[in-house]
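What follows is a short report on a single structure.
From a predicted model like this one, the values you see are computed outputs, not experimental measurements. These values consider heavy atoms only, across backbone and side chains, with no hydrogens, waters or symmetry-generated copies. Below, read A as the first sequence line, B as the second, and so on, with proteins coming before strands; counting in each chain starts at 1.
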Number of protein chains: 2
Amino acid sequence: MVARRLPRALVAACVPLATRERILFEAAHLFAAQGFHATTTRQIAEAVGIRQPSLFHHFATKDAIVEALFDWDLGLALPRTRAVAALPEPAAVRLYRYLHDDLRHLEEAPYNLSGLYADEVIGRPEFAPWAERRDLLHRVVAGIVREGTAAGEFIEVDATLVSQAIAGILVRALTLHSGGRAPGRGLADEVARLVVRGLLADPAALEEVQGRAALLRLPGE
Amino acid sequence: MVARRLPRALVAACVPLATRERILFEAAHLFAAQGFHATTTRQIAEAVGIRQPSLFHHFATKDAIVEALFDWDLGLALPRTRAVAALPEPAAVRLYRYLHDDLRHLEEAPYNLSGLYADEVIGRPEFAPWAERRDLLHRVVAGIVREGTAAGEFIEVDATLVSQAIAGILVRALTLHSGGRAPGRGLADEVARLVVRGLLADPAALEEVQGRAALLRLPGE
DNA sequence: GTCTATACAGCGATAGAC
DNA sequence: GTCTATCGCTGTATAGAC
């Protein structure tokens with residue numbers, strides 16, 4: 001799947017994707033820019049280059065488009081995060097690796113996913129299963145932070161607050177990235193360094209943490 | 001204005017506010033929970049206890065409600081932040097004070113403002129003046145960070161990335177708070193400590209920074 | 001698989017009585 | 001200042017031809 005490593009604009013311009021994929025691509029971008037409710041099915045259809053009713057041949061409802069995007073994102077991120085969290089490594093290393101991988105995943109995504117995690121979307125009762133999975137992911141992250149504090153690696157902090165702050169940073173960093181920042185310039189490492197350094201009882205340990213995180217082998221890789 | 005220091009639920013239940021204020025209060029909460037576009041004028045009216053057309057006696061349009069909320073928030077935060085940024089103090093002290101004051105402002109707000117800063121609202125062309133003011137505030141914050149790095153107080157970081165990360169944390173911390181966390185439990189200081197510690201070249205200086213920030217006297221106080 | 005035509009519900013906003 | 005009644009528009013989704 002080399003397409004995921006190319007700049008999004010190139011993908012959109014050159015690669016002849018299936019209509020279903022192009023709907024997901026254009027819908028995600030419009031959701032990110034305008035919000036879900038402000039984006040009409042007519043706008044999505046126009047961006048794809050088809051008529052509005054033709055959308056409904058590929059997705060039964062507008063909500064189904066959102067579900068497909070959630071599935072693509074959380075369906076991958078949640079198992080991977082749990083795998084990282086379960087490794088027999090220091091909490092700082094696991095947290096670093098989680099941050100790095102999540103940011104890379106968002107950076108390399110063919111879709112701009114930053115519009116999905118606003119309360120107006122994921123907070124709707126119809127999407128409650130996805131909200132649960134997101135909360136579960138936050139709890140896994142909070143668990144790593146709590147273990148790090150207990151082990152003396154991290155300072156004393158409210159782990160829930162930290163996991164929420166991380167969620168806020170990730171969404172926001174993504175917005176910045178999709179706003180034109182060159183991908184691959186090290187955003188993933190830059191953010192991971194910033195967050196982990198702020199938590200480490202001994203910030204001088206950051207370099208070793210980053211090095212060990214980079215060497216981690218996840219199950220199935 | 002002692003009402004601002006009471007829990008919001010109490011305010012809503014006991015204090016007989018003017019209709020205009022109650023519209024702002026209920027609209028802000030609905031915008032935060034559902035998003036702007038998903039919130040209908042009928043829902044706002046129902047929450048206030050009047051009929052839908054009666055809203056338009058107090059606000060000419062639905063957008064005018066949003067404008068009033070932006071004015072209440074940014075109209076106060078922007079001048080205050082600029083005043084803090086201009087003080088002859090170390091960057092760490094100014095950043096700490098900004099974070100603390102902004103969080104207190106959000107905590108004590110009679111309105112839940114977390115719904116306004118989603119792209120679907122502030123990104124709309126009609127609200128471009130408010131987006132400009134928000135961006136200006138971010139640039140002021142980035143300026144403090146940049147000065148801190150230049151002075152050797154802060155580590156080497158991308159100041160724009162940091163200001164975006166801070167924006168993400170603030171919105172998210174607010175969501176957490178409005179979700180039932182007890183106010184006044186030190187959220188403002190907890191978040192400010194976390195962020196400033198992550199930036200300080202010498203994290204041990206945090207205690208002194210916090211102490212000096214608390215003693216800062218702003219012009220006109 | 002895409003089209004034209006259209007159903008039909010819900011939206012913001014207005015008119016005018018009280 | 002609030003009400004009832006209603007307008008005009010836009011939204012999602014469907015029907016059925018090609």
Show each protein N/O and nucleotides 11-14 of chain D N/O combination with a separation under 3.5 Å, one pair to a line.
from	atom 1	to	atom 2	distance (Å)
D:dG11	N7	A:R42	NH2	3.4
D:dT12	OP1	A:T41	N	3.3
D:dT12	OP1	A:K62	NZ	3.2
D:dT12	OP2	A:T41	N	2.9
D:dT12	OP2	A:T41	OG1	2.8
D:dA13	OP2	A:K62	N	2.8
D:dA13	N7	A:Q52	NE2	2.9
D:dA13	N6	A:Q52	OE1	3.1

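- The shortest distance between side-chain heavy atoms of B:Y98 and B:L137 falls below 4.5 Å.
- Counting to the nearest Å, the C1' atom of C:dT4 and the CZ atom of A:R51 are 9 Å from each other.
- A:T19 has a side-chain polar atom (N or O) that falls below the 4.0 Å cut-off from OP1 or OP2 of C:dT2.
- Under the 30°/60° scheme for interplanar angles, the aromatic rings of B:W72 and B:H105 are found to lie parallel.
- Atom CG in B:L55 sits roughly 14 Å away from atom C1' in C:dT14 (whole-Å rounding).
- What you find for A:F154 and A:I144 is that their closest heavy atoms are CE1-O, 4.3 Å.
- With rounding to whole Å, B:E46 atom CD is found 14 Å from C:dG10 atom P.
- Taking the six-membered ring where tryptophan is involved, the planes of B:H29 and B:F25 are tilted, since the angle between them lies from 30° to 60°.
- Straight-line distance from the CD1 atom of B:I44 to the P atom of C:dA13: 10 Å, rounded to whole Å.
- A straight line from CD of A:Q43 to P of D:dT10 spans 13 Å, rounded to a whole angstrom.
- If you take NE2 of A:H57 and P of D:dC18, they are 19 Å apart, rounded to a whole angstrom.
- Ring-plane geometry between A:F70 and A:Y117 is classed as perpendicular, the angle between the planes exceeding 60 degrees on a 0 to 90 degree scale with a lower cut at 30.
- Atom CG of residue A:D158 and atom CZ of residue A:R146 lie 8.0 Å apart, to the nearest 0.5 angstrom.
- One interatomic measurement links the two molecules: NE2 of A:H58 to P of C:dG1, which rounds to 6 Å at whole-angstrom precision.
- Phosphate proximity of C:dG1 to A:S54: absent, as no side-chain N or O sits under 4.0 Å from OP1 or OP2.
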